[in-house]
Amino acid sequence: MKGFLIFLAKILLFLIFFVLTTSSMKQKAATINEVAQLPSGYSYLKAKDFRLDTENPPLIKMLLAFPLHSLKELIFPVDGSGWKKSDKWKFGEDFLYQNRIKAEILLKRGRTVSVILAILLGILVAHWAKVFYGKWAGLFALLLYTFSPNILAHSRMASVDLGATFLILLALYTFWEMLMDPGSFTLIFAGLVLGLALLSKYTAAGLIILYLLYMFLHEQKDFYASERFVYLTGVILLAMVTLVFVYRLSNVRLYLEGLFQAIRNVGQGQANFLWGKYSYYGWRDYFLMAFLIKTPPVLFILIIVRVLMSKSITSRGKDYFLLFPILLLSVAASLSKRQTGLYNILPVYPLLYIWVSGIVKIKFPRKLLGVAVYLFLAGGYAFSSLRIHPHYLAYFNFLCGGPDKGYKYLVGANLDWGQDLRFLAEYIESHRVDSVILSYFGAASPEYYGINYQNLGTSNFSGRRRSRVAPLSPKKEILALSATNLQAVHFSQKDIFSWLRYDKPEAKLGYSIFIYDITTNAQAHSWIGHTYLSYNRYEEAVREGKRMVEISPKEDTGYLFLGKVYEEMGEIDRACGEYIKALKINPRAFIARGRLKALGRETEVPEK
């Protein structure tokens with residue numbers, strides 16, 4: 001009877017997981033990786049050409065794109081510059097947003113595959129925990145997995161990370177099975193799965209090192225002479241055969257080139273942000289800090305209890321097998337200079353859930369007390385995840401102030417991956433906004449969602465961002481700013497938006513896009529205008545100066561700014577005209593008086 005109840009509880013958890021992921025994915029725009037990876041996967045299937053997105057192997061991308069293969073009206077933009085120049089961003093934008101089939105349909109199909117892979121991973125987590133620690137452990141591990149905000153965030157994306165995590169864990173499990181029961185069946189199964197894992201993500205190549213290290217530490221003196229080493233050699237050789245079979249012999253060099261490029265990327269670094277600091281080469285504690293603030297605190301309690309009570313759980317060999325890859329992956333990630341997000345250590349979470357689930361073997365003095373404790377912890381854990389639905393990527397725990405304060409600590413793929421563009425479109429419509437100044441970090445297309453905007457440093461992956469000057473005299477004007485851009489991670493001037501960091505926004509869309517009402521805020525237009533001017537974008541700078549004058553016509557600041565802009569543009573007559581207007585309003589405007597004299601227009605200076 002207990003077994004049947006546990007089975008029903010697992011079915012319920014899978015249903016909850018399915019509802020949470022599918023309802024979340026319907027509300028989100030494409031993330032940066034989705035724009036590159038889903039269209040690239042389709043190109044592999046359609047053209048059998050691997051030229052696009054060589055940062056990751058093709059397998060998961062092909063699986064994600066497989067449901068698109070049946071869409072007869074789908075256009076494959078082979079004539080576009082994205083395909084011809086092997087530009088994954090340009091090709092991705094053409095494919096998603098210039099097609100006959102809506103981007104929402106394409107994303108939904110790709111994301112559904114990711115959800116299926118996530119459910120398979122959940123089945124693996126539950127089974128593995130059951131094998132190691134018993135039936136109740138399997139249920140408990142699945143509960144932790146179901147309500148994990150980081151798993152939910154990546155399960156709804158049509159990107160490689162969740163699928164790669166599934167294959168990496170499956171490879172580890174089949175490796176364990178081979179160690180426990182060496183034989184032809186376990187060897188073949190472990191070899192095939194390792195090969196598939198290698199085809200999912202280049203970081204999976206670290207599994208070979210992990211296998212060898214584990215075997216060396218486990219077998220010690222008899223390492224090379226042991227039967228298990230012979231089987232491990234067979235597993236690795238079979239994995240290589242699987243890789244060659246998928247790539248075909250003539251294309252194996254593409255895999256090797258991608259692998260070596262991934263290794264080079266680890267040492268090259270990338271612009272990053274952590275806790276108010278900037279670095280191009282990362283921090284040793286980056287992933288530790290990310291883990292501490294983006295993980296539900298209940299899991300920390302469970303980890304502490306699990307450590308303290310480990311002696312009462314007689315399964316040290318199994319514990320060691322789970323903790324070894326967690327430690328190895330964490331150390332390797334911390335040594336990397338390319339720290340793009342917590343998704344780089346995503347496999348750590350399901351491994352932790354399996355290990356932590358061993359806590360159910362702890363015996364309480366009273367059975368009801370144990371049940372009450374587990375229910376209380378499970379309820380708190382689930383609540384912390386459900387309360388942020390559907391914005392799982394923006395999850396931050398209360399230790400750092402929750403998702404509302406998350407942007408102060410981490411941005412980019414940890415919070416803001418361009419996923420909330422649809423919410424911006426809905427906000428513009430519902431609040432009757434007629435002028436938008438946008439600084440968007442992402443690869444999705446604002447134009448596709450009907451967002452007409454004046455560009456203020458919007459990321460330009462595809463090279464197709466239109467320059468539009470917003471009209472004057474708007475009834476409602478907003479500044480929409482992505483959290484990553486608010487922290488100026490990819491701007492050379494790190495203080496470019498510092499004037500906004502302590503202002504309270506009118507709204508936070510999905511916690512990743514900040515909305516500021518600047519309809520009557522002359523000071524905001526002054527800052528925006530100076531930003532445009534610093535990048536020699538004179539047309540937009542002039543517009544901002546005119547908005548300053550519209551809002552505060554009896555102040556000289558707008559005229560002074562316009563004079564400066566026109567002067568830099570070489571339009572001296574117009575510049576002098578603005579300086580004269582400033583002096584008429586404020587005869588003490590010494591800057592205007594000084595500029596007129598410097599320009600040789602002393603005779604035009606109005607008397608005091």
Side-chain angles (χ1 to χ4, degrees), residues 21-22 24-78 80 82-83 85-118 120 153-167 199-202 246 258 340-341 343 346 392-393 413 417-422 442-446 448-449 459 461-462 464:
T21 50
T22 53
S24 174
M25 75 183 192
K26 290 177 183 177
Q27 302 179 56
K28 297 292 183 176
T31 59
I32 289 174
N33 276 7
E34 287 179 298
V35 172
Q37 293 174 2
L38 182 62
S40 295
Y42 183 79
S43 73
Y44 304 157
L45 294 171
K46 186 73 174 178
K48 295 179 175 56
D49 189 315
F50 300 104
R51 73 177 70 178
L52 297 174
D53 191 34
T54 56
E55 288 186 11
N56 290 290
L59 180 61
I60 301 298
K61 289 176 282 187
M62 292 170 71
L63 288 175
L64 295 171
F66 184 76
L68 309 185
H69 212 52
S70 62
L71 298 172
K72 295 180 180 180
E73 296 183 3
L74 189 60
I75 298 174
F76 181 55
V78 290
W83 178 254
K85 297 180 180 180
S86 300
D87 184 342
K88 63 182 179 180
W89 302 113
K90 180 68 167 60
F91 179 84
E93 186 166 340
D94 287 343
F95 183 83
L96 286 176
Y97 302 114
Q98 304 294 320
N99 222 307
R100 283 184 288 195
I101 298 177
K102 291 184 177 180
E104 290 83 358
I105 295 174
L106 303 178
L107 288 169
K108 181 181 178 181
R109 292 200 172 201
R111 288 170 172 177
T112 300
V113 174
S114 187
V115 171
I116 293 170
L117 292 172
L120 292 175
H154 293 281
S155 297
R156 63 153 195 83
M157 295 183 195
S159 58
V160 303
D161 302 299
L162 197 286
T165 297
F166 166 60
L167 289 174
L199 287 163
S200 68
K201 203 169 184 180
Y202 289 121
V246 172
T340 51
Y343 68 91
L346 196 61
Y392 295 111
L393 190 63
W417 230 355
Q419 72 274 9
D420 291 312
L421 204 55
R422 291 185 66 181
S445 170
Y448 175 81
Y449 292 103
S459 54
F461 290 89
S462 68
R464 187 191 279 141

Considering all heavy atoms of both residues, which atom of Gly341 and which atom of Ala413 are nearest to each other, and what is their separation? CA-CB, 4.3 Å
Just by distance, do the side chain of Asn99 and the backbone of Ile75 share a donor-acceptor pair under 3.5 Å? yes
Distance (rounded to the nearest 0.5 Å) between Leu59 CG and Leu63 CG: 5.0 Å
Heavy atoms only: give me the nearest Ala36-Trp89 pair and the separation to one decimal. CB-CZ3, 3.7 Å
Rounded distance (nearest 0.5 Å) linking atom CD of Glu93 with atom CD of Gln98: 7.0 Å
CE of Met157 to OG1 of Thr31, rounded to nearest 0.5 Å, is 5.0 Å
Which atoms form the tightest heavy-atom contact between Leu421 and Ala444, and what is the distance? CD2-CB, 3.9 Å
Taking every non-hydrogen atom, the tightest pair across Lys90 and Asp87: N-OD1, 3.2 Å
I need the full list of salt bridge (charged side-chain N to carboxylate O under 4.0 Å, His left out) pairs touching residues 100-111, with sequence neighbours left out, sorted by first then second residue. Glu34-Arg111
Just wondering, do Pro67 and Val113 contact through their side chains at under 4.5 Å, heavy atoms? yes
Anything under 30° is parallel, anything over 60° is perpendicular, the rest tilted; go ahead and classify Phe91 against Phe76. perpendicular
Can you tell me how far the CZ atom of Arg156 sits from the OG1 atom of Thr22, to the nearest 0.5 Å? 12.0 Å
Listed partners of Tyr392 passing ring pair (Phe, Tyr, Trp, His ring centres under 6.0 Å), at least two apart: His389
Is a side-chain donor or acceptor of Ser200 paired with a backbone partner of Ile60 at a separation under 3.5 angstrom? no
Gap separating the CD1 atom of Ile101 from the CG atom of Leu96, nearest 0.5 angstrom: 11.5 Å
Which pairs, with at least one residue in residues 37-47 and sequence neighbours excluded, count as a side-chain hydrogen bond (donor to acceptor under 3.5 Å, both in side chains)? Tyr44-Lys61
Sequence neighbours left out, what passes salt bridge (Lys or Arg N to Asp or Glu O under 4.0 Å) with Arg51? Give chain and number order. Asp49
For atom OH of Tyr449, is the number of surrounding heavy atoms from other residues, nucleotides or ligands below 6.0 Å larger than 12? yes
Restricting to side chain to side chain contact (heavy atoms under 4.5 Å, CB included), what partner residues turn up for Thr340, sequence neighbours left out? Gln270, Arg338, Tyr343, Asn344
Does Lys88 have any salt bridge (Lys or Arg N to Asp or Glu O under 4.0 Å) partners at least two apart in sequence or in another chain, and if so, which? Asp53, Glu55
Residues that Ala118 engages under side chain to side chain contact (heavy atoms under 4.5 Å, CB included), provided they are two or more places apart: Phe17, Tyr145, Ser155, Leu162
Check Ala158 against Gly110 and note the closest heavy-atom contact, atom names and distance. CB-C, 3.7 Å
Closest heavy-atom pair, Leu74 versus Phe95, reported as atoms and distance to 0.1 Å, is CD2-CZ, 3.6 Å
Applying side chain to side chain donor-acceptor pair (under 3.5 Å), name anything that partners Lys201, two or more places apart in sequence or on another chain. Asp161
What's the spacing between Leu106 CG and Leu64 CG if we round to 0.5 Å? 12.5 Å
